[in-house]
There are 2 protein chains.
Amino acid sequence: MRILLVEDNPTLGEAVRDQLVDDGHAIDWVQTVREASAGAHTTGYNLVLLDLMLPDGHGLDFLCERRRAGDVTPVIILTARDQVTDRIEGLNAGADDYMVKPFDLDELSARVAAVARRYNGNPNPIMEVGALVVDLSARRICRDGQVVALTAREWALFEGLLYRPGMLLTKGQLEERLYAFGTEIESNTIEVYISRIRKKLGRETIETVRGMGYRLGCS
Amino acid sequence: MRILLVEDNPTLGEAVRDQLVDDGHAIDWVQTVREASAGAHTTGYNLVLLDLMLPDGHGLDFLCERRRAGDVTPVIILTARDQVTDRIEGLNAGADDYMVKPFDLDELSARVAAVARRYNGNPNPIMEVGALVVDLSARRICRDGQVVALTAREWALFEGLLYRPGMLLTKGQLEERLYAFGTEIESNTIEVYISRIRKKLGRETIETVRGMGYRLGCS
DNA sequence: GGCAACCTGACAGTGACCTGAACGGCTCCA
DNA sequence: TGGAGCCGTTCAGGTCACTGTCAGGTTGCC
């Protein structure tokens, strides 16, 4: 998933970024309201993590601006313990969730995953796909009763296909899930991951549509 | 997603088309206001990318015309850096967004994706044509309950006919869908593909209008 | 009948895709 | 501190499905 992180605290920002990268997400990290707005790429994100107290303004201004522009990207607010009114205003302004600093990084992972699921219209965390049982919230896959472990990247890619069962995704769309803006991919990374996932989950799990893309194998 | 691209610059047009095709969209590319008007009301586009300075008129005329006709299809304006007033007028005229040339193709992808997201609420676009059931997002076709696989080229051609049920398309128009500008086709490629599609989907699927072109067999 | 348009089976070249292997960066642990 | 192991990425070689072309056959129109 592609995430915009707006956070001016370097330590926290770095920690959050590392955590979410570990989860297989693509993170763009900016530190000011101006950068966030001027990123102009804003609409290309699946999720925004928004600190409120920023050096050049208030995060809520940014949120309101985006909502007025018709942007419905989910937003999770990161707020200090004592900014209760901010939190309420944030939710009123169209934020989807908030987290109180200091927060547990694993909890952040969980909330991000929850927002992603809700956003993808698939709140049910357990899915069955062919011979696989997939627990989205636990990120666990069982095949013939055996737990199969996917790495972060493998999971990120597989998840993309999983959210839209049967829908065809081009390599470009899959790359978008894995990499932040501006990342140039000049090799066959996607192919390699597809190959590795197939090796773990079974060849039939992912279907190749030559010249078009990939999709989850039906049934 | 179905996108109408109105852009008279061949280089830019081709780049934009390739990028969006990579993202899995279906692009119809025209270069004049006249062609845009002719195409816009015949089919349901989900998005229009509109250049303003066109050889036979101004893009805003087209936009105003569509809005007067009650067409609410989202429009993103493509404009040169110095045409500030155009941009403002564009937004006033009912455009949803604009991009300043030269723009980053990834940014375009992102904005288009944002528009696409608004359509995600809709159920999967499924079309029925005669005995065929066509799942547009999966790019999958069922015939008598059997899944039929089309190759990339076959799909591109079939899609062109599909979006204009009953409407006649010339070989030239079909070639335009399949090949970049300047590509010279000196053989009967289109005929061959028509033949291949018929073999897969049934002879009656595509109707020949001798001396004119082809159209989807209406049942 | 003669011509043009169209259909379709066959075929060779190509490039999209697959996958084993290697490499560098990173973390963990002794 | 250094070694082991994992992960992400790149590379290279091989395979094969798709593509474009052609040739010969069929159909429809004048």
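Letters A, B, ... mirror the listed sequences (proteins, then strands); counts begin at 1.
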[X] has an atom [atom1]; how far is it from atom [atom2] of [N], in whole Å?
{"X": "A:W155", "N": "D:dC7", "atom1": "CH2", "atom2": "C1'", "value": "18 Å"}
{"X": "B:L174", "N": "D:dT19", "atom1": "CG", "atom2": "P", "value": "15 Å"}
{"X": "B:R153", "N": "C:dA16", "atom1": "CZ", "atom2": "P", "value": "10 Å"}
{"X": "B:R215", "N": "C:dC6", "atom1": "CZ", "atom2": "C1'", "value": "16 Å"}
{"X": "B:I190", "N": "D:dC22", "atom1": "CD1", "atom2": "P", "value": "15 Å"}
{"X": "B:E191", "N": "D:dG25", "atom1": "CD", "atom2": "C1'", "value": "13 Å"}
{"X": "B:D22", "N": "C:dA16", "atom1": "CG", "atom2": "P", "value": "11 Å"}
{"X": "A:I197", "N": "D:dC7", "atom1": "CD1", "atom2": "P", "value": "13 Å"}

Where the side chain of [X] is defined as all heavy atoms beyond and including C-beta, which of [options] is the nearest nucleotide?
{"X": "A:N188", "options": "C:dT19, D:dG20, D:dT9", "answer": "C:dT19"}
{"X": "B:R196", "options": "D:dC18, D:dG20, C:dC18", "answer": "D:dG20"}
{"X": "A:V192", "options": "D:dT9, C:dT8, C:dC7", "answer": "D:dT9"}
{"X": "B:K171", "options": "C:dC6, D:dT19, D:dG8", "answer": "C:dC6"}

side-chain hydrogen bond (donor to acceptor under 3.5 Å, both in side chains) with A:W29: which residues, sequence neighbours excluded?
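For A:W29 there are no side-chain hydrogen bond (donor to acceptor under 3.5 Å, both in side chains) partners, ignoring immediate neighbours.
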
side-chain N/O [X] vs [N] OP1/OP2, d < 4.0 Å:
{"X": "B:Y193", "N": "D:dG20", "result": "yes"}
{"X": "B:K199", "N": "C:dG9", "result": "yes"}
{"X": "A:Y179", "N": "D:dG8", "result": "no"}
{"X": "B:S195", "N": "C:dG9", "result": "no"}
{"X": "B:T151", "N": "D:dT19", "result": "yes"}

Could you walk me through whether B:R203 and B:S195 pass the side-chain hydrogen bond (donor to acceptor under 3.5 Å, both in side chains) check?
CA-CA 8 Å; B:R203 169 171 297 275; B:S195 170; over 6 Å; no

Does a distance-only test, which skips hydrogens and angles, find a donor-acceptor pair under 3.5 Å between the side chain of B:R198 and the base of C:dG9?
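When only heavy-atom distances are counted, B:R198 does not reach the base of C:dG9 through any donor-acceptor pair under 3.5 Å.
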
Which of residues 201-210 of chain B sit near DNA chain C, with a heavy atom under 4.0 Å from it?
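Within residues 201-210 of chain B, the residues near DNA chain C are B:R203, B:T208, B:R210.
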
Side-chain donor/acceptor of B:R198 to backbone N/O of B:I206, under 3.5 Å
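Yes, the answer is positive, given that a donor and an acceptor are paired below the 3.5 Å cut-off.
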
For the residue pair B:S109 / A:E176, report whether a side-chain donor-acceptor contact shorter than 3.5 Å exists.
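Side-chain D/A pair, A:E176 to B:S109: absent.
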
Between B:D23, B:D28, B:V16, B:L47, which is the residue that forms a side chain to side chain contact (heavy atoms under 4.5 Å, CB included) with B:I3?
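Between B:I3 and the candidates, side chain to side chain contact (heavy atoms under 4.5 Å, CB included) is satisfied uniquely by B:L47.
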
Check A:R67 with A:D96, please: is the shortest side-chain N to carboxylate O separation under 4.0 Å?
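Salt bridge between A:D96 and A:R67, a charged N being under 4.0 Å from a carboxylate O: yes.
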
Quick test of your reading of the model: are B:E7 and B:R17 salt-bridged, counting only N-O distances below 4.0 Å?
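Judged by the 4.0 Å cut-off on N to carboxylate O distance, B:E7 and B:R17 do not form a salt bridge.
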
As a quick check of understanding, evaluate side-chain hydrogen bond (donor to acceptor under 3.5 Å, both in side chains) for B:D22 and A:T170, giving each step before the final call.
CA-CA 6 Å; B:D22 273 355; A:T170 66; over 6 Å; no

